[in-house]
Amino acid sequence: MDKLLISGGVPLDGEVRISGAKNAALPVVIASLLTDQALVVHNIPHLQDITTALELLGHLGVRVQVDDRFAIEVNAAQLTSRRAPYELVRTMRASILVLGPLLARFGEAEVSLPGGCAIGSRPVDLHIKGFEMMGAEVSVEEGYIKAKVNGRRLSGTKIVFDTVTVTGTENLMMAATLARGTTILENAAREPEVVDLARCLIKMGARIHGAGTGLIEIEGVDRLTGAEHRVIPDRIEAGTYLAAAAATGGRIRLCGIDARLLEAVLGKLTEMGAGVSIEEDAVQLHVKEGRLQATDLRTQPFPGFPSDMQAQFILLNAIASGAATVTETVFENRFMHVQELQRMGADIELRGHTALVRGVETLSGAQVMATDLRASACLVLAGLVAEGQTVVDRIYHIDRGYDCIEEKLAQCGARIRRVSRGQYPHAASVS
Ligand code: UD1
């Protein structure tokens with residue numbers, strides 16, 4: 001298993017190009033299931049989750065072609081299966097997104113229940129409830145969600161989500177594009193990735209209004225067509241590099257990112273004392289004199305502070321001057337990085353859904369273990385600031401969501417390198 005070796009203490013200084021958003025690319029490639037024509041998707045990031053999604057589509061019979069600039073053409077003209085198997089769903093919960101398109105186009109689908117998850121129970125009950133309201137019969141048998149529609153076509157209806165759910169909104173929005181009549185999604189997720197998916201679906205002929213607000217209206221059509229779409233940049237990747245530069249007291253310029261996607265994160269970085277400047281297609285950050293100031297925050301659905309940036313900001317508070325509380329309201333049990341940070345010398349106390357973080361002057365390098373995607377990013381950042389060497393284990397989590405992370409950080413001067421099992425522990429230094 002690969003590990004990352006990091007020698008801390010170097011302020012980052014450089015430029016990073018932001019990749020396409022994982023959470024936008026996944027639903028967009030899966031939307032290809034809604035049509036028998038080709039969908040061409042640009043700006044797809046090189047990530048394990050994308051590979052898994054394409055593998056899943058391939059398993060269903062979708063023809064996938066990748067060109068030399070990594071644009072992907074997905075064509076679901078001839079499907080051979082309507083079943084998403086456990087082996088693929090268990091490695092990526094977003095596989096649940098095939099349920100809506102398959103059900104809408106073919107009137108039947110089977111998707112393995114995702115099972116346990118490192119960041120809480122993460123049920124899919126709201127997806128299922130929505131499909132039932134649209135006329136599907138759904139049962140859970142032998143670990144699979146089995147859904148079918150009598151008469152093959154879902155019916156539009158009004159669905160009010162009890163909780164804001166990103167993939168739940170995307171799944172039902174995709175299903176509703178081919179339903180009979182109009183579907184109204186209330187308390188819908190407003191994340192930019194939902195808006196990006198809606199833009200792609202509209203290019204495919206869908207009639208969708210209100211994406212980006214809490215109320216989305218979808219007028220079903222008889223069929224969708226092929227289209228060409230470029231996914232938006234990854235705001236979480238961007239936020240992570242900004243946090244890395246802030247943590248190391250350095251400077252960074254991110255290109256290929258729209259600062260409007262990052263308002264909550266940029267607001268907090270500014271509050272902490274970092275200098276931020278915004279260009280048309282780029283964002284720069286530099287740390288002024290002295291330490292960052294600790295800042296309270298609460299995660300919220302968009303446009304609030306993203307849960308996917310919570311771990312990175314716990315790290316920033318852990319080395320800032322003063323104390324702050326970080327409250328996680330989106331997921332239960334999303335504090336697994338805290339124990340690892342404590343092993344590096346951080347002073348963090350957990351009280352239910354809130355972490356009380358008291359800033360310390362330095363962290364010390366240690367062997368730490370990644371537990372989920374964003375927790376592992378936080379540990380890499382901790383390694384960049386810690387004194388001495390940090391070894392981050394189980395980095396397959398990071399490969400699910402960060403495109404070339406060690407190359408991008410090394411390009412800004414970080415001393416970081418990947419070692420595979422055979423090379424470790426003889427590889428002693430990363431300088
Ligand atoms: C998506 C993102 C993930 C991000 C999260 C919150 C993708 C592929 N992943 O995950 O990176 O951290 O949004 O911004 O886009 N819930 C239910 N029942 C359901 C569905 C959700 O109770 O049927 C709960 C969840 O347990 C959680 C909350 O709703 O507490 C939000 O989850 P949700 O927005 O669905 O997260 P994902 O879409 O899985």
Side-chain angles (χ1 to χ4, degrees), residues 20-31 45 47-50 52-53 56 89-100 111 113-133 138 140 145 147 159-175 185 187-198 214 231-232 234-237 239-240 261 264-265 298-313 327-337 353 372-378 397-398 400-402:
K22 166 180 90 73
N23 288 352
L26 289 173
V28 163
V29 294
I30 288 173
L47 298 172
Q48 184 53 44
D49 271 10
I50 299 293
T52 306
L56 173 56
V89 179
R90 104 191 140 89
T91 59
M92 188 185 69
R93 290 180 49 82
S95 309
I96 188 74
L97 286 170
V98 303
L99 189 55
V111 179
L113 270 173
C117 169
I119 56 174
S121 60
R122 285 180 97 175
V124 287
D125 57 314
L126 301 176
H127 302 234
I128 293 177
K129 198 171 137 195
F131 293 128
E132 283 175 339
M133 289 175 75
V138 186
V140 176
I145 303 167
I159 297 166
V160 184
F161 291 103
D162 292 343
T163 308
V164 176
T165 158
V166 176
T167 46
T169 301
E170 291 167 346
N171 221 346
L172 288 156
M173 182 167 75
M174 286 194 278
L185 303 178
N187 199 24
R190 293 183 276 165
E191 268 64 5
E193 294 75 19
V194 174
V195 179
D196 198 43
L197 172 64
V231 297
I232 54 170
D234 197 314
R235 64 195 168 98
I236 305 301
E237 187 198 26
T240 302
L261 298 172
V265 168
R298 279 176 87 78
T299 63
Q300 299 280 353
F302 193 85
F305 187 90
S307 172
D308 283 348
M309 287 300 300
Q310 176 254 102
Q312 301 86 320
F313 271 71
T327 304
E328 174 59 57
T329 74
V330 177
F331 289 109
E332 50 176 285
N333 194 20
R334 201 178 195 180
F335 280 130
M336 256 97 64
H337 40 287
H353 288 179
D372 71 59
L373 172 55
R374 307 304 169 186
S376 45
C378 146
H397 289 292
I398 239 184
R400 287 187 42 217
Y402 289 91

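For the numbers below, each heavy atom of this structure counts, side chains included, while hydrogens, waters and symmetry mates do not. Whatever order the structure lists them in is the order used to number ligands and atoms, beginning at 1. Because the structure is a prediction, the values reported are computed rather than measured.
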Report the part of Thr163 in contact with ligand 1, treating N, CA, C, O as backbone and CB onward as side chain, heavy atoms under 4.0 Å; options are side chain, backbone, both, neither. side chain
Could you state the interatomic distance from CE (Met92) to CG (Leu56), rounded to the nearest 0.5 Å? 6.5 Å
Could you tell me whether some N/O pair between Val166 and ligand 1 is separated by less than 3.5 angstrom? yes
Would Val164 count as a contact residue for ligand 1, given that I'm defining contact as a non-hydrogen atom of the residue lying under 4.0 Å from a ligand atom? yes
Nitrogen or oxygen atoms of Val330 and ligand 1 under 3.5 Å apart: yes
Could you list the atoms of ligand 1 found under 4.0 angstrom from a heavy atom of His127? 23 (O)
Any Arg334 heavy atom less than 4.0 Å to ligand 1: yes
For the side chain of Asn187 and the backbone of Phe161, is there at least one donor-acceptor N/O pair under 3.5 Å apart? yes
Could you tell me if the side chain of Met309 sits less than 4.5 Å from the side chain of Thr240, heavy atoms only? yes
If you apply the rule salt bridge (Lys or Arg N to Asp or Glu O under 4.0 Å), what do you find for Arg334 with Asp308, and how did you get there? CA-CA 10 Å; Arg334 201 178 195 180; Asp308 283 348; 2.9 Å; yes
From CA spacing to verdict: salt bridge (Lys or Arg N to Asp or Glu O under 4.0 Å), Glu328, Arg298: CA-CA 6 Å; Glu328 174 59 57; Arg298 279 176 87 78; over 6 Å; no
Considering only heavy atoms, does Gln310 approach ligand 1 within less than 4.0 Å through its side chain, its backbone, both, or neither? neither
Report yes if Asp125 has an N/O atom closer than 3.5 Å to an N/O atom of ligand 1; otherwise report no. yes
Nearest heavy atom to atom 4 (C) of ligand 1, choosing from Asn171, Thr329, Asp308, belongs to Asp308
For ligand 1, is any non-hydrogen atom under 4.0 Å from Pro123's backbone (N, CA, C, O), its side chain (CB onward), both, or neither? both
Keeping Thr169 on the side-chain end and Ala189 on the backbone end, is there a donor-acceptor pair under 3.5 Å? yes
Does ligand 1 come near enough to Thr165 that some N or O of the ligand is less than 3.5 Å from an N or O of the residue? yes
Does Thr299 use its side chain to pair, donor to acceptor, with the backbone of Phe305 at less than 3.5 Å? no
Ligand 1 to Leu126 polar contact by distance, N or O atoms, under 3.5 Å: yes
Using distance alone, determine whether Asn23 and ligand 1 share an N or O pair under 3.5 Å. yes
Could you tell me whether Thr167 approaches ligand 1 through its side chain, its backbone, both or neither, with non-hydrogen atoms closer than 4.0 Å? both
Can you tell whether the side chains of Lys22 and Glu193 come within less than 4.0 Å, N to carboxylate O? no
Would Glu193 count as a contact of ligand 1 if the rule is a heavy atom under 4.0 Å away? no
One finds that the ligand 1 atoms under 4.0 Å from a non-hydrogen atom of Val124 are 19 (C), 23 (O)
Between Arg400 and Asp372, is the closest basic N to carboxylate O distance under 4.0 Å? no
Contact region, Glu332 to ligand 1, non-hydrogen atoms below 4.0 Å, reads neither
Would you confirm whether Glu170, through its side chain, and Ala198, through its main-chain N or O, come within 3.5 Å as a donor-acceptor pair? no
Quick one: does Asp196's side chain get under 4.5 Å of Val194's, heavy atoms only? no
Say whether Arg374, considering both its backbone and side-chain N or O atoms, lies within less than 3.5 Å of an N or O atom on ligand 1. no
